Amino acid sequence: MHKVQYHKFEDQPIRTAWVEDEEEWYFSIVDVVGILAESKDSTSYWRKLKQRLKEEGNETVTNCHALKMTAQDGKKRLTDVANTEQLLRLIQSIPSKKAEPFKMWLAQVGRERIEEVIDPELTIERALETYAKKGYSREWINQRLQVCMVGLIVVRNVVTAYLLKITY
């Protein structure tokens, strides 16, 4: 079961659905493609893009599925949808000036994530910075990090105990 909601991007609606069983958001691909490609016929644009991506061997298209969503005529129709990861991959395939800032942001986030894998301390520094920007107090931030660290230590101890148990 899913509940369809509408979210706005630049004053244009995007149909979304929260799928309870999967605990995941899904987005109408036609709506997103129509906005980013500035297409008058977003259904045709998506159909052509989907065909091109399939020919290129893009598995994102294969993994997308359909949910019933209310169309512009008020009828419930099966609509191609994508989860967040799939949608981000599809957006990278849309040649559009509107999509370009989003693609640049994705590249920046990807770079930061790779840097954090190389140097995990950066993750902590970015968390501190993000909490501070959101207006959390220094005490709250420190308490939050301590809770996270205690959780990591507990997990490490459980994993270590388990590994010791199975190796002896």
Side-chain angles (χ1 to χ4, degrees), residues 1-118 122-136 140-141 144 147-148 151 155:
M1 183 71 176
H2 65 275
K3 180 182 176 191
V4 176
Q5 297 179 8
Y6 291 85
H7 294 277
K8 294 235 177 206
F9 177 78
E10 295 185 356
D11 291 325
Q12 296 184 44
I14 296 176
R15 292 169 291 170
T16 62
W18 174 255
V19 177
E20 195 73 37
D21 299 343
E22 299 175 31
E23 294 186 357
E24 188 144 35
W25 280 102
Y26 284 88
F27 304 85
S28 165
I29 297 171
V30 171
D31 295 351
V32 173
V33 165
I35 293 167
L36 292 179
E38 299 178 290
S39 174
K40 290 182 179 24
D41 186 357
S42 55
T43 303
S44 293
Y45 187 96
W46 167 235
R47 196 176 315 116
K48 288 177 186 172
L49 178 62
K50 183 164 52 169
Q51 180 183 5
R52 181 177 60 92
L53 292 172
K54 279 183 179 178
E55 289 169 1
E56 292 174 0
N58 186 317
E59 290 188 27
T60 303
V61 177
T62 308
N63 296 333
C64 291
H65 61 277
L67 293 175
K68 279 201 173 188
M69 294 183 152
T70 306
Q72 287 182 338
D73 63 5
K75 295 180 182 177
K76 294 250 184 207
R77 301 187 193 282
L78 281 176
T79 304
D80 284 342
V81 295
N83 64 22
T84 305
E85 182 179 343
Q86 293 165 334
L87 188 66
L88 293 173
R89 292 206 50 212
L90 288 172
I91 288 170
Q92 294 174 49
S93 303
I94 299 172
S96 161
K97 289 179 184 175
K98 265 192 164 178
E100 204 52 40
F102 198 79
K103 292 177 188 179
M104 289 171 56
W105 173 78
L106 283 174
Q108 176 189 346
V109 170
R111 179 185 52 82
E112 289 172 358
R113 183 66 184 109
I114 291 168
E115 289 172 352
E116 290 170 358
V117 168
I118 294 167
L122 290 174
T123 304
I124 296 168
E125 290 172 11
R126 286 195 178 112
L128 288 170
E129 187 178 307
T130 301
Y131 284 134
K133 283 181 183 175
K134 288 186 172 198
Y136 289 99
W140 186 93
I141 295 170
R144 176 76 176 173
V147 168
C148 291
V155 169

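Just so we're clear, the structure is a prediction, and the values are computed from it rather than from any experiment.
The number of heavy atoms from other shown groups lying within 6.0 Å of CD (Q72) does not exceed 12. Within a 6.0 Å radius of CD in Q92, more than 12 heavy atoms belonging to other residues, nucleotides or ligands are found.
To the nearest 0.5 Å, atom CG of residue D31 and atom CZ of residue R15 are 4.0 Å apart. In this structure, M69 CE and K76 NZ are separated by 9.0 Å, a value rounded to the nearest 0.5 Å. We find the CD1-OG distance between I35 and S42 to be 9.0 Å, quoted to the nearest 0.5 Å. Atom CG of L53 and atom OG of S93 lie 4.5 Å apart (nearest 0.5 Å). Atom CG in L128 sits 12.0 Å away from atom CZ in R126 (nearest 0.5 Å). Atom OG of S28 is separated from atom CG of L87 by 9.5 Å, given to the nearest 0.5 angstrom.
Sorted by first and then second residue, the salt bridge (charged side-chain N to carboxylate O under 4.0 Å, His left out) pairs with a member in residues 41-57 read K50-D80, R52-E56; sequence neighbours excluded. Sequence neighbours left out, the pairs with a member in residues 26-68 that pass ring pair (Phe, Tyr, Trp, His ring centres under 6.0 Å) are Y26-H65. Counting only residues at least two apart or in different chains, salt bridge (charged side-chain N to carboxylate O under 4.0 Å, His left out) contacts with residues 84-94 are absent.
Scored by the side-chain contact (heavy atoms from CB on, under 4.5 Å) test, R113 finds E116, V117 as partners (sequence neighbours excluded). With sequence neighbours left out, K134 forms a side-chain contact (heavy atoms from CB on, under 4.5 Å) with T130, Y136. Legend: residues meeting side-chain hydrogen bond (donor to acceptor under 3.5 Å, both in side chains) with D73, ordered by chain and number and at least two apart, are R77.
Side-chain contact between L67 and V19 is present, with heavy atoms from C-beta onward closer than 4.5 Å. Proximity of W18 to E20: side-chain heavy atoms (C-beta onward) are separated by under 4.5 Å at one or more points. You'll find the side chain of I91 reaches within 4.5 Å of the side chain of L36, heavy atoms only. In this structure the side chain of K68 never reaches within 4.5 angstrom of the side chain of T79, judged on heavy atoms.
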